[in-house]
Amino acid sequence: MLLVLINNQHLKKVLGGKAFLEHLQEPEPLPGQVCSTFTLCLHYRNQRFRSKPVPCACEPDFHDGFLLEVHRESLGDGTRMADSTTMLSISDPIHMVLIKTDIFGETTLIASYFLEWRSVLGSENGVTSLTVELMGVGTESKVSVGILNIKLEMYPALNQTLSQEVVNTQLALERQKTAEKERLFLVYAKQWWREYLQIRPSHNSRLVKIFAQDENGINRPVCSYVKPLRAGRLLDTPRQAARFVNVLGYERAPVIGGGGKQEQWCTLLAFLCRNKGDCEDHANLLCSLLLGYGLEAFVCVGTKAKGVPHAWVMTCGTDGTITFWESLTGHRYIHKPTNPDEPPPAEQPKPLYPYRTIGCVFNHQMFLGNCQPSDAVETCVFDLNDESKWKPMSEEAIKSVCAPGATTSLPPFPPLCASTIDASVTSNEIEMQLRLLVSEHRKDLGLTTVWEDQLSYLLSPALASYEFERTTSISAGNEEFQDAIRRAVPDGHTFKGFPIHFVYRNARRAFATCLRSPFCEEIICCRGDQVRLAVRVRVFTYPESACAVWIMFACKYRSVL
């Protein structure tokens, strides 16, 4: 892989990989054959790149070049070239994420690596070659998964190169400063925790999460996983942002063997590149987007029913309204605390939200531990300025390790990318595949299939209405849909429709799920007089190639009593 750093710039090239031993037995794919692939995703200072997918093999054939611009920070200097000393002070690494995509389109995070590119500043001709060993993720973070050969090139070449000694001294100094800041924060966090436990010994069992492990098994302060993130023109409203986060897939971190849940809070690039993650990944992203929209947002750490640990998002309105946002569903709940000292009302309303207890809340600047007598969400008062209810951490301490540029170990936040999916083409493809699957299924049952295109088309407004409602919580357009269906179904005929929603684009998998619903199966396997079938698919695209797929199966037939 060739990386050209353009000065402004810089070029990088991946010249291939080797020793991906897990794929030693992979057969050579035949021309046109679908096979598992590797894709390398890069992020450097607001620029994102993606390699061409290459077949999984012991020696994957990466031969991609990427052009990376090394920006100067001050405005008005965009066209001026930075000198080598200025470039040496730019500590942002190149974040590389390796994703495997199987033949069904399922993605797996293979490796996440931060490349220190500044060694090129001390190399002759501004060219250097590196061999990078990629380690696994999560429980396999100590296991090598393969080696990448990388060539770094500075373009245009620097007028003066630095000595390798100067470069190494600068990198060592940065590491030393970072280690010292992290050590001091750890000392402070331990002291804060001791004070928190002295308030009430039972606090020991509360979910107060100060540090969390990332995909590489590195402990980071939780506040470093959140940062105001602006979506540019890709998302228009906070509720649309919540819908986007909700359609990113949910998957718990893989664990080898039985037992508890494996902890893995992913860096944002790793989460976005594989398009799925755990509840903490979703909550961190949603909180970052809501902060970007100017809301006072926090990630909440606590439990759901049956004591299952969970993370969700909370916003505090200027009028004191507390709103919970469930990042996995896009649902919003208004929180009204109940007073435990008052006699319970005759009819105790059941809280709508699924949350039971809350241990702490945090964002990029604040961390607060819940020190109220009970950690039950329904009785919690969210006056975050009241230190008798919420014990705060020093904002200065958090800033020392979590503010942008505070330490060199902080992974920078990548910008969101626009969707590469053509919604109309994809909707059509899935619809055609579903028609085939339905016809085959009915044929196996000895039934003929007659499709009615007009009826299929009439289902479109319903699907658009369902997605609009998910995004805005407002129902609209249903009257016109019902009126059109009444007109399309003659007297003496029965109409049945079944909508269903997915966040993946695999038609066969969606069809198998639909058949498990008795109501949908009844439509697909409909028997009777003058049976006409319809199916409509509507794909709604979101950033990062995430999408909401709505499918509606329908049938009309003559009612015979």
Item to check | Chi angles and distances behind the side-chain hydrogen bond (donor to acceptor under 3.5 Å, both in side chains) call for Thr107, Thr101 | outcome: CA-CA 4 Å; Thr107 54; Thr101 309; over 6 Å; no
Check whether any side-chain heavy atom of [X] sits under 4.5 Å from a side-chain heavy atom of [Y], and report yes or no.
X      : Y      : value
Phe244 : Pro543 : yes
Leu272 : Leu285 : yes
Pro415 : His43  : yes
Arg356 : Asp375 : no
Leu148 : Thr131 : no
Met135 : Val145 : no
Val167 : Leu88  : yes
Tyr542 : Leu416 : no

Taking only distance into account, with no hydrogens and no angle test, what donor-acceptor pairs under 3.5 Å do side-chain atoms of residues 203-212 form with protein atoms, sequence neighbours excluded?
from   : atom 1 : to     : atom 2 : distance (Å)
His203 : ND1    : Tyr196 : O      : 3.0
His203 : NE2    : Arg200 : NH1    : 2.9
Ser205 : OG     : Ser202 : O      : 3.0
Arg206 : NH1    : Asn370 : O      : 2.8
Arg206 : NH1    : Gln372 : O      : 2.9
Arg206 : NH2    : Gln372 : O      : 2.7
Arg206 : NH2    : Pro373 : O      : 3.1
Lys209 : NZ     : Phe211 : O      : 3.1
Lys209 : NZ     : Glu263 : OE2    : 2.6

Next on the checklist: Using the rule given for side-chain contact (heavy atoms from CB on, under 4.5 Å), can you reason through Thr321 versus Ile334, listing the C-alpha separation, both sets of side-chain angles and the distance that settles it, and then say yes or no?
Outcome noted: CA-CA 7 Å; Thr321 305; Ile334 302 294; 4.0 Å; yes
Centroid-centroid under 6.0 Å between [X] and [Y] rings:
X      : Y      : value
His95  : Tyr44  : no
His331 : Phe324 : no
Trp192 : Phe367 : yes
Trp325 : Tyr333 : no

[X] side chain to [Y] main-chain N or O, any donor-acceptor pair under 3.5 Å?
X      : Y      : answer
Thr169 : Glu165 : yes
Asp214 : Thr267 : no
Trp390 : Val381 : yes
Ser288 : Lys227 : yes
Asn275 : Glu544 : yes
Thr128 : Val120 : no
Thr178 : Glu174 : yes

Non-hydrogen atoms of [X] and [Y] that approach each other most closely:
X      : Y      : result
Trp312 : Ile358 : CZ2-CD1, 4.1 Å
Val222 : Phe362 : O-CE1, 3.4 Å
Ser112 : Val137 : N-CG1, 4.2 Å
Cys547 : Thr541 : CB-CA, 4.2 Å
Cys402 : Cys223 : SG-CB, 3.7 Å
Tyr353 : Glu378 : OH-CA, 3.3 Å

Next on the checklist: Between Asp278 and Arg252, does any NZ, NE, NH1 or NH2 come within less than 4.0 Å of an OD or OE carboxylate oxygen?
Outcome noted: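 No, Arg252 and Asp278 are not salt-bridged.
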Checklist entry - Do the charged groups of Arg45 and Glu69 touch, with an N to O distance under 4.0 Å? => result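 Salt bridge between Arg45 and Glu69, a charged N being under 4.0 Å from a carboxylate O: no.
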For [X], all residues meeting salt bridge (Lys or Arg N to Asp or Glu O under 4.0 Å), sequence neighbours excluded:
X      : result
Asp386 : Lys389
Glu116 : Arg118
Arg332 : none

What's the separation between atom [atom1] in [X] and atom [atom2] in [Y], rounded to the nearest 0.5 Å?
X      : Y      : atom1 : atom2 : answer
Thr108 : Ile99  : OG1   : CD1   : 8.0 Å
Glu296 : Leu384 : CD    : CG    : 6.5 Å
Ser388 : Asp383 : OG    : CG    : 8.0 Å
Trp117 : Leu68  : CH2   : CG    : 9.5 Å
Asp281 : Leu248 : CG    : CG    : 10.0 Å
Phe38  : Ile110 : CZ    : CD1   : 5.5 Å

Item to check | Member of Leu368, Leu291, Val313 meeting the side chain to side chain contact (heavy atoms under 4.5 Å, CB included) criterion with Asn363 | outcome: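 Checked Leu368, Leu291, Val313 against Asn363; only one passes side chain to side chain contact (heavy atoms under 4.5 Å, CB included): Leu291.
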Between side-chain atoms of residues 182-191 and protein atoms elsewhere (two or more places apart, or another chain), which donor-acceptor pairs fall under 3.5 Å?
from   : atom 1 : to     : atom 2 : distance (Å)
Glu182 : OE2    : Ser409 : OG     : 2.7
Arg183 : NE     : Glu180 : OE1    : 3.2
Arg183 : NH2    : Glu180 : OE2    : 3.0
Tyr188 : OH     : Ser394 : N      : 2.6
Gln191 : OE1    : Arg194 : NH2    : 2.9
Gln191 : NE2    : Glu195 : OE2    : 3.1

Next on the checklist: Set out, in order, the CA-CA distance, both residues' side-chain angles and the distance that settles salt bridge (Lys or Arg N to Asp or Glu O under 4.0 Å) for Lys100 and Glu106, then state yes or no.
Outcome noted: CA-CA 8 Å; Lys100 178 184 174 182; Glu106 289 296 309; over 6 Å; no
Checklist entry - Any side-chain donor-acceptor pair under 3.5 Å between Thr39 and Ser51? => result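 No donor-acceptor contact under 3.5 Å links the two side chains.
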Next on the checklist: Applying side-chain contact (heavy atoms from CB on, under 4.5 Å) to Leu269 and Leu42, what does each step give before you reach the verdict?
Outcome noted: CA-CA 8 Å; Leu269 186 69; Leu42 276 75; over 6 Å; no
Please tabulate, one pair per line, all N/O donor-acceptor pairs under 3.5 Å involving side-chain atoms of residues 235-242, not counting sequence neighbours.
from   : atom 1 : to     : atom 2 : distance (Å)
Thr237 : OG1    : Gln240 : N      : 3.0
Arg239 : NH1    : Thr472 : O      : 3.1
Gln240 : OE1    : Asp236 : N      : 2.7

Checklist entry - Step by step, would you call His282 with Phe271 a ring pair (Phe, Tyr, Trp, His ring centres under 6.0 Å)? => result CA-CA 9 Å; His282 286 79; Phe271 176 35; 5.0 Å; yes
Next on the checklist: Could you check whether atom CZ of Arg230 has more than 12 heavy atoms from other residues, nucleotides or ligands sitting under 6.0 Å from it?
Outcome noted: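 Result for CZ/Arg230: open.
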Checklist entry - Run the side-chain contact (heavy atoms from CB on, under 4.5 Å) check on Val54 and Thr37 step by step: do they pass? => result CA-CA 5 Å; Val54 301; Thr37 58; over 6 Å; no
